[in-house]
Amino acid sequence: MEKLLLAMVELADPAIILIIFAGVSAGLFVGAMPGLTATMALAVLLPFTFTLPPLYGLVALGAVYMGAIYGGSFAAILVNTPGTPSSIATAFEGYPLSKQGRALEAISVATVASAIGGIAGVLFLLFLSPPLAKLSLRFGPSEYFWVAMLGLTLIASLSEGSLLKGLLGGAIGMMLGTIGVAPIGGETRFTFGMPVMQGGVEMIVALIGLFVLPELYNMAAQGRTSLGEVTVDSKEKASFWRVIIRVFSMPGNLIRSCIIGEIVAIIPGAGGNIANLVAYNEAKRASRNPERFGTGVIEGLVATESSNNVTVAGSMVPLLTLGIPGAPPDAVILGVLLLHGLRPGIELFTTSGVLTYAFIVSMGLAALAMVPVGLLGGRLIYRIIFRTPYYFLVPTIGLATILGTFALRNSVSDVIIMLILGTAGYLLKQIGIHPAPIVLGLILGSIAEVGYVQAMLGGAAYEYPVLRLFENPLSWVLIVMVVFSAAWPFLMALYRRMQLRRRSPFSEEDKR
Amino acid sequence: MIRHANTDILAGSIGLGLSLVFWLSIDREIMRLSIMFPRAMIAIMALISVLLLIKGFTKAERQDLFDVGSNLRVAVTGLFFFAWGVAIAYVGFFVSSVAAILAMAAYLATARRQITLGVLAIWLVIVICEVAFFYLIFTQLLHVPLPEGIFI
C-alpha cells in the first residue's frame with residue numbers, strides 16, 4: 001500500500017501527464033488506421049524510450065497501448081473497418097448506429113466503455129495479480145484447444161442468417177490459417193507452388209481485406225457513403241453525462257464483459273481479438289432482445305469496448321508476475337522492462353515496487369485520458385469522414401489499407417492477398433457467408449491446431465491419444481462451457497417455441 | 001447476371017470445391033504432425049458443404065445477388081485496386097498511389113457530378129498532398145521503406 005501511494009506521488013508530475021495525453025493521442029491515431037497495430041506502435045516508440053528515464057518510457061508505452069486498442073473502435077464505428085482485431089465486434093453494432101445517424105453517440109459510448117474497461121483492467125492487475133497468474137499457468141495444450149472450441153461456438157452468434165453458412169465461413173478461415181509453415185511439424189503446407197505463400201495468411205491482412213474491401217465495394221456500388229447525418233436527438237444522447245448514465249445503467253453487462261476480458265487476457269496468446277467477440281456473444285446471449293443485435297445495440301458496443309480495454313492491463317498479469325507476454329504488444333513492454341534491469345516476478349513488486357505500481361496506475365490514468373482525447377478526436381474524425389465525398393473516401397480508405405497491409409511485413413504480396421481476400425469476401429457475402437466467422441476461424445485455427453497437435457503428442461503413450469484432451473479438470477470445465485455455449489441457441493429456440501405454444505389461445509389439442 | 005439464386009447450393013459448391021482444392025494439394029510425403037489438423041478441417045468443411053447442398057435441394061434459401069447499386073462500378077473499382085496493388089511494386093508507391101487515387105476519384109465522381117480539367121487539376125494537388133502526408137509519416141517517422149519501382 002505504501003508503495004502504491006509513493007507511486008501516485010511519482011505520477012504527480014506534469015511531464016508524465018503530458019506523456020500520457022500524447023501517448024493516448026498517438027495510440028488513437030495508430031489504432032484508427034486499419035493495419036497499424038498496437039504492437040507496431042509500441043515497436044516504433046521503443047527506440048525513443050531508451051533515452052527516457054524508465055518510468056517515462058513505461059508510461060509512454062502503456063498510454064500508446066491503451067490508446068491504440070481504443071482507437072480501433074473509431075474505424076469500426078465510422079467505416080465498418082476494425083482498426084485493430086480487438087474491435088471486430090465493435091463494427092457489428094457501431095456501424096449500424098452510424099448508418100442511423102448515431103455515430104457520435106456510438107463513439108461516446110465506446111469511449112466511456114473503453115475507459116471503464118481500462119480502469120477495471122488496472123484494478124484487476126493491482127489487486128488480483130497473484131491468483132490470476134497461478135490460473136494462467138494451468139492452461140496446457142488441451143485447455144488451449146478447448147478455449148479455441150469455445151471461441152468457435154461464437155459462430156452461431158456471428159453468422160447472420162444461416163448457421164451452416166457461418167460454420168462454412170469458420171472452416172474456410174481455419175483452412176486459410178493452415179496455409180504456410182505448420183506450427184508444430186515445421187513443414188510447409190498448401191503453398192500451391194508459390195513461395196510467397198510460405199509466410200501464410202497474416203491474420204490482420206485477412207481482417208483488413210475481408211472487412212474493408214467489401215465496404216468500399218458497397219460504397220462504389222451505391223455511389224455514396226453509408227454514414228448517416230447526426231440528428232439533434234442523437235447529439236443530445238451523445239452528451240457525456242447521458243452516456244455515462246446509460247453505460248452505468250447496464251452494470252451486469254459491464255461486470256460480465258470486464259471479467260471475460262480479464263480471463264481471456266491472462267491466457268497467453270489470447271487477447272483483445274478474442275475477448276471482444278466472447279464478450280459480445282455473452283451480451284447477446286444475456287440480452288432480452290438478442291434478435292436486435294447487429295442492428296445497432298448499445299449493450300453490444302459496451303460489451304466489446306469494455307472487454308477489449310480490460311485486456312490491455314489484464315495481459316500484464318502474466319507478464320509482470322511470470323514474464324509471459326499475454327499478447328504481442330506485451331512482448332515489447334517486456335523488452336523495455338528487461339532493458340532497464342527489471343525482471344518480472346515478485347521482485348518487480350517489492351524491490352522496484354514504486355516503479356511497477358506507478359506504471360500500473362499510469363495505465364489507469366491513460367484510460368481516463370481517453371475520455372477527453374476520444375470525445376474530441378471522435379467528433380473531429382466523424383466530421384472529416386462525413387464531409388468527405390464518397391469518391392474521395394473510397395480511394396483514401398484504400399490508400400490507408402494498402403499502406404497498413406504493406407507495413408505489416410513490408411510485403412507487396414500481402415497487399416495482393418488482402419485484395420484477393422477482400423474481393424472473395426465481397427462475393428461470399430453476397431451468398432450469405434459473412435466475414436466475421438471467417439476471421440474468427442483464422443484467429444482460432446492456429447490456437448486450436450497448436451493445442452490439438454501438442455495434446456496428441458503429449459498423449460502419444462496412451463492407447464487413444466485423443467483422451468489427453470479430456471484429462472484435466474480445467475479441460476472439463478471448458479468442455480462443459482463449450483457444450484453449453486453450442487447448445488444455447490437451440491435451447492433458447494426451444495424455450496421460445498414452448499412459450500409461444502403456451503401463450504397461444506388455440507393449442508394444438510384445441511385445433512384437433 | 002443471376003439476381004435470385006439458391007445460395008445454399010452456391011455456398012455448398014464453393015465449400016466442396018475448396019475442400020477438393022486443399023485435399024488435392026496435400027503433399028503425400030508430409031509428416032503426420034503437420035497435416036493431422038488440416039486434414040480434419042478439410043473433412044469438416046466437406047461435411048458442412050454436403051449438408052448445405054442437401055439443404056439446398058430440400059429447404060433452399062433464396063437470395064437476391066448483386067442487387068444494390070451499380071455492379072459495373074464495383075467491377076471497375078476492383079480492377080483499380082488490383083492495378084494499384086501491382087503497380088506499387090513496379091512504378092513505385094508514391095506515383096502509383098497518386099495516379100490510382102486520382103483515376104478512381106474521377107471515375108467514381110462521374111456518378112454524382114461532371115468532371116472538368118480544372119477540377120482534376122485541383123484534385124491532383126489535393127491527392128499529391130494526401131499521399132505525401134502518408135508517405136512521409138511511413139518513411140520518415142515509422143521508418144517503413146515503401147516500395148520503389150521506376151519512380152518513388
Side-chain angles (χ1 to χ4, degrees), chain A residues 36 40 44 161-162 164-165 167-168 171-172 174-175 178 182 184-192 213 216-224 389-392 394-396 398-400 402-403 406-407 410 412 415-416 418-420 422-423 426 428 430-433 445 448-449 452-453 456-457, chain B residues 5 7-8 10-11 14-15 18 22 25-27 30-31 33-38 41-42 44-45 48-49 51-52 55 61 63 65-66 68-71 73-74 77-78 80-82 84-86 88-89 97 100-101 104-106 108-109 111-112 130-131 134 138 141-147:
Chain A
L36 296 192
M40 198 187 282
V44 168
S162 163
L164 273 178
K165 284 179 190 163
L167 290 172
L168 181 62
I172 292 173
M174 285 191 138
M175 282 314 299
T178 62
I184 303 290
E187 288 170 285
T188 49
R189 312 164 297 189
F190 310 121
T191 55
F192 305 101
L213 233 57
L216 297 183
Y217 287 145
N218 268 339
M219 281 191 213
Q222 292 177 34
R224 62 178 173 83
Y390 98 98
Y391 42 85
F392 267 123
V394 171
T396 301
L399 173 71
I402 286 177
L403 263 173
F406 175 81
N410 285 7
V412 177
V415 175
I416 304 296
M418 181 272 287
L419 293 171
I420 292 171
T423 307
Y426 175 75
L428 288 175
Q430 295 288 328
I431 58 166
I433 300 174
E449 179 170 9
Y452 179 74
V453 178
M456 290 301 111
L457 277 175
Chain B
T7 53
D8 285 332
L10 277 174
I14 290 171
L18 280 174
F22 277 108
S25 63
I26 293 177
D27 185 349
I30 196 166
M31 281 195 308
L33 269 184
S34 302
I35 205 66
M36 58 159 62
F37 183 79
M41 282 316 304
I42 292 171
I44 291 170
M45 186 155 75
I48 297 167
S49 307
L51 289 176
L52 268 167
K55 186 173 171 276
E61 187 182 302
Q63 222 167 290
L65 307 182
F66 306 103
V68 179
S70 158
N71 289 319
R73 269 206 301 274
V74 173
T77 305
F80 271 127
F81 275 127
F82 277 98
W84 187 0
V86 173
I88 57 173
S97 295
I101 294 176
M104 214 185 274
L108 292 174
R112 291 258 168 246
E130 181 189 346
V131 178
F134 283 107
F138 274 76
L141 191 68
L142 302 177
H143 301 289
V144 175
L146 293 174

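In what follows, every chain begins at residue 1, and chains take the letters A, B, ... in the order their sequences are listed.
The choice from B:Ala111, B:Ser97, B:Pro145 that makes the most heavy-atom pairs within less than 4.5 Å of chain A is B:Pro145. With respect to chain B, the highest number of heavy-atom pairs below 4.5 Å among A:Leu403, A:Ile416, A:Leu168, A:Thr178 belongs to A:Leu403. In terms of heavy-atom pairs under 4.5 Å with chain A, the best-connected choice from B:Gly85, B:Gly15, B:Ala89, B:Pro147 is B:Pro147. For the set A:Phe406, A:Tyr426, A:Tyr452, the count of heavy-atom pairs under 4.5 angstrom toward chain B peaks at A:Phe406. Contact count against chain A (heavy-atom pairs under 4.5 Å) is highest for B:Ser70 among B:Ser70, B:Ser49, B:Ala100. Ranked by non-hydrogen atom pairs under 4.5 Å with chain B, the options A:Thr191, A:Thr188, A:Val453 are led by A:Val453. Interface check for chain B: of the options A:Ile172, A:Leu213, A:Leu428, A:Val415, the most heavy-atom pairs under 4.5 Å are formed by A:Ile172.
The contact between A:Leu399 and chain B is made by backbone and side chain atoms together, counting heavy-atom distances below 4.5 Å. For A:Met175, the parts lying under 4.5 angstrom from a heavy atom of chain B are both the backbone and the side chain. When heavy atoms are compared at a cutoff of 4.5 Å, A:Ile420 approaches chain B by way of both its backbone and its side chain. Contact annotation for B:Phe82: both backbone and side-chain heavy atoms come within less than 4.5 Å of a heavy atom of chain A. For A:Ala182, the part sitting under 4.5 Å from any heavy atom of chain B is the side chain, from C-beta outward, and nothing else. With a 4.5 Å cut-off on non-hydrogen atoms, A:Val412 touches chain B through its side chain but not through its backbone. Neither the backbone nor the side chain of A:Met418 comes within contact range of chain B; no heavy atom of the residue lies under 4.5 Å from a heavy atom of that chain. For chain A, the nearby part of B:Leu18 is the side chain; its heavy atoms alone come within less than 4.5 Å. Using a 4.5 Å cut-off between heavy atoms, B:Leu51 touches chain A through backbone and side chain atoms alike.
Residues A:Thr396 and B:Glu130 have side chains that bring a donor and an acceptor to within less than 3.5 angstrom of each other.
Judged purely by atom type and a 3.5 angstrom limit, B:Lys55 has no side-chain atom pairing as donor or acceptor with the backbone of B:Glu61. Side-chain atoms of A:Gln222 never come within 3.5 Å of backbone atoms of B:Val68 as a donor-acceptor pair (strictly under, hydrogens ignored). No donor-acceptor pair closer than 3.5 Å links the side chain of A:Tyr217 to the backbone N or O of A:Gly422.
Proximity of B:Ile14 to A:Ile433: side-chain heavy atoms (C-beta onward) are nowhere separated by under 4.5 Å.
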